[in-house]
Amino acid sequence: KAQLELIRPRIICTLGRIAAQALLKTTEPLGQLRGRVHQYAGIPVICTYHPAALLRNPQYKRPTWKDIKRLRLAYDGVQL
C-alpha cells in the first residue's frame, strides 16, 4: 500500500488470480474478474492472466490481448 502511495500509478494491471484476489480482497475467480475495470483506492485495476499461464495455455493469449487493449483505453482515459 505504501509503495502504491509513493508511485501513484494511473492504472494497475494484476497478472494472475493470486495478485488480483489479494489486491481486490475477493475470492472471485479470475474468469469473473477479467473483462471489467475494478477500483483500488481510486486507481483503476485491470485483471488478466499471469504470463506463465500463457505459456501453458496458448488459448489465453487472445483474451489477454483484449485485456491489454482495455488497459490501454483506460490508461488513455476512455470510459469503459
Side-chain angles (χ1 to χ4, degrees):
K1 198 170 194 176
Q3 289 176 351
L4 290 174
E5 289 174 7
L6 286 171
I7 296 169
R8 294 183 305 180
R10 288 176 52 185
I11 193 163
I12 298 170
C13 180
T14 61
L15 301 176
R17 176 181 57 87
I18 301 300
Q21 289 177 341
L23 189 69
L24 299 174
K25 305 231 184 294
T26 184
T27 58
E28 279 186 80
L30 184 60
Q32 291 178 6
L33 293 171
R34 287 185 54 257
R36 51 194 167 127
V37 179
H38 304 272
Q39 294 289 318
Y40 175 80
I43 303 166
V45 177
I46 302 284
C47 304
T48 194
Y49 295 107
H50 190 279
L54 301 179
L55 294 173
R56 289 189 307 274
N57 305 290
Q59 71 271 18
Y60 289 174
K61 289 180 182 180
R62 188 173 304 274
T64 300
W65 181 242
K66 288 181 181 179
D67 294 337
I68 298 303
K69 290 192 298 188
R70 180 177 292 110
L71 177 125
R72 181 58 197 228
L73 289 172
Y75 181 81
D76 289 341
V78 175
Q79 187 72 353
L80 302 176

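- A heavy-atom distance below 4.5 Å is not found between the side chains of T48 and T14.
- One finds the CG atom of D76 at 9.5 Å from the CG atom of L71 (value rounded to the nearest 0.5 Å).
- Between the NE2 atom in H50 and the CG atom in N57 there is a gap of 13.0 Å [rounded to 0.5 Å].
- From R70, atom CZ reaches atom SG of C47 across 10.5 Å, with rounding to the nearest 0.5 Å.
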I'd like a table of donor-acceptor pairs (distance under 3.5 Å, sequence neighbours excluded) in which one partner is a side-chain atom from residues 29-37, with atom names and distances.
{"residue": "R34", "atom": "NE", "partner": "D67", "partner atom": "OD2", "Å": "2.7"}
{"residue": "R34", "atom": "NH2", "partner": "P63", "partner atom": "O", "Å": "3.2"}
{"residue": "R34", "atom": "NH2", "partner": "D67", "partner atom": "OD1", "Å": "3.2"}
{"residue": "R34", "atom": "NH2", "partner": "D67", "partner atom": "OD2", "Å": "3.4"}
{"residue": "R36", "atom": "NE", "partner": "Q32", "partner atom": "O", "Å": "3.0"}
{"residue": "R36", "atom": "NH2", "partner": "E28", "partner atom": "OE1", "Å": "2.7"}
{"residue": "R36", "atom": "NH2", "partner": "E28", "partner atom": "OE2", "Å": "3.4"}
{"residue": "R36", "atom": "NH2", "partner": "Q32", "partner atom": "O", "Å": "2.9"}

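- Under the 4.5 Å side-chain contact rule for hydrophobic residues, L24 and I18 do not share a cluster.
- Distance check, rounded to the nearest 0.5 Å: CD1 of I46 to NZ of K69 gives 13.5 Å.
- Counted within 6.0 Å of CD on Q39, heavy atoms from surrounding residues, nucleotides or ligands total more than 12; the atom is thus considered enclosed.
- The OH atom of Y49 lies 8.5 Å from the CD atom of Q59; values are rounded to the nearest 0.5 Å.
- Partners of L4 under the side chain to side chain contact (heavy atoms under 4.5 Å, CB included) rule, at least two apart in sequence or in another chain, are P9, I12, L23, Y40.
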